[in-house]
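So the structure is just underneath, and the comments pick up after that.
Read the numbers this way: they start at 1 and go in the same order the structure lists the ligands and their atoms. Quick caveat, the model's predicted, so the values are computed rather than measured. The analysis underlying the following values was restricted to heavy atoms, covering all of them including side chains, and did not include hydrogens, waters or symmetry mates.
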Amino acid sequence: MSAPDAQRLRADTPAAQAGIHLNNASAALMPAAVARAMQDYLHDESVLGHHAAAERHAAALHAVQSDLARLLGTAQSVECFDTVSRAMALLLDAIPWRPGDRLLIARHEWGAVIAAAGQLAVNCGVIVQDIPAAAPTRIDRDWLQHHVDDRVRAICVPLHTAAGGDACLTVDLPRPPGCLVFGDAAQALGQMPFALDRSGYDVVVGTARKWLRGPRGISFAGFSPAGHALLERARWLASAPQAAAVTSDYTRLLRIGLGAAARYALEQSIDAVQARVLALAGRLAAGLRTLDGIELLHAGAPRSGIVAFTAGGRESALVQALARDGIRVALIEQRYHPGLFQDLGVAHAVRMSAHVYNTEHEIDHALARTATALAG
Ligand SMILES: Cc1ncc(COP(=O)(O)O)c(C=O)c1O
């Protein structure tokens, strides 16, 4: 990404002036266009009422699903939910499980998905099994080759984790007919190229608030033709207009924000976004590696904007010290990715995550303050 483009994206981001935001993997900063779309909608709701506002913004509301489909690279329809965790739970639950069916889950899967699978084991007699890791964030394909049989109905492999590591944007897994592959794209969409229809995934769930820079509280799922049948089964529980048989309510304001975020993302070159994010994260990782007492969770260059590390037991103190300096980073915990943290042998870690509007100067300042905090 050229320097002027990076400056333009930063100028589009009012909150970038409010401190150094290196917590984009938790929630990134909204571009002004997204905030404006929501402010306009809320204004119209307050002066016209709910129905007239929805009529006035009907075109934008209608476009959300097709813009999301373009963003996901799918010809199938896309649906909105509230959180990623609930969307995954709901969609997994929509599979017509029989006792003894098997659900295989990557070791580095998101904790809430593992918890949802646990419920299926209790309520439906599903046999839930870890797919062993060939390396942290990499599934053991040989194991799958030997352990997949006709009872496997679903396989869960996240596209990227909250703690960085490898990204898995395409899957070509051994599986029986009818077995669906689920992908958690919360940490992938918006920072790396992805095309659902060429990915091998059947169900992919993303969120507005992270790399897509949309509002909190809304997520979405895209489907392969095989995965799409699930949506029909799950729809009545989703926060969807099509759920009108059960409820006529859904969150129009957040949809407006998500749609604006999707359009904003589609206007940028995702390759240029990825290149900038990787350059910033590479600078962070290289600087952190020079500091005593810091161990990065993953070797080599970062594969995304996420850089996670331990700091000799002083992780929480470091996050707080940086916050006092106006630098926002995250403390990430084992419950986020229990299997991955176990494989890495850590209980928690500091995560710094850079997005396009961060600057080299911000990275260098965060590194300098980290060095000072650790020396103190
Ligand atoms: C990899 C991954 N999956 C899922 C989620 C959860 O998203 P939600 O809070 O929308 O359930 C997160 C949030 O940090 C995440 O990092």
With side chains defined as the heavy atoms from C-beta onward, is the minimum distance between V171 and Y201 less than 4.5 Å? yes
By side chain to side chain contact (heavy atoms under 4.5 Å, CB included) - contacts of S26 (at least two apart): N23, A330, R351
Determine all donor-acceptor pairs shorter than 3.5 Å in which one atom belongs to a side chain in residues 117-124; sequence neighbours excluded.
residue : atom : partner : partner atom : Å
N123    : ND2  : Q119    : O            : 3.3

Pairs under 3.5 Å, nitrogen or oxygen of ligand 1 with protein nitrogen or oxygen:
residue  : atom   : partner : partner atom : Å
ligand 1 : 3 (N)  : D184    : OD1          : 3.3
ligand 1 : 3 (N)  : D184    : OD2          : 2.4
ligand 1 : 9 (O)  : R209    : NH2          : 2.9
ligand 1 : 10 (O) : V84     : N            : 2.9
ligand 1 : 10 (O) : R209    : NH1          : 3.1
ligand 1 : 11 (O) : V84     : N            : 3.4
ligand 1 : 11 (O) : S85     : N            : 2.8
ligand 1 : 11 (O) : S85     : OG           : 2.6
ligand 1 : 14 (O) : K210    : NZ           : 2.6
ligand 1 : 16 (O) : Q187    : NE2          : 2.8

Enumerate donor-acceptor pairs with a distance under 3.5 Å from any side-chain N or O in residues 51-59 to protein atoms, sequence neighbours excluded.
residue : atom : partner : partner atom : Å
H57     : NE2  : D44     : OD2          : 2.7

Before you tell me yes or no, could you show the steps for D202 and R175 under salt bridge (Lys or Arg N to Asp or Glu O under 4.0 Å), namely the whole-Å CA-CA distance, both residues' side-chain angles and the distance that decides it to 0.1 Å? CA-CA 12 Å; D202 294 298; R175 51 172 156 156; 2.6 Å; yes
Could you grab the distance from atom OG of S269 to atom CG of D5, nearest 0.5 Å is fine? 9.0 Å
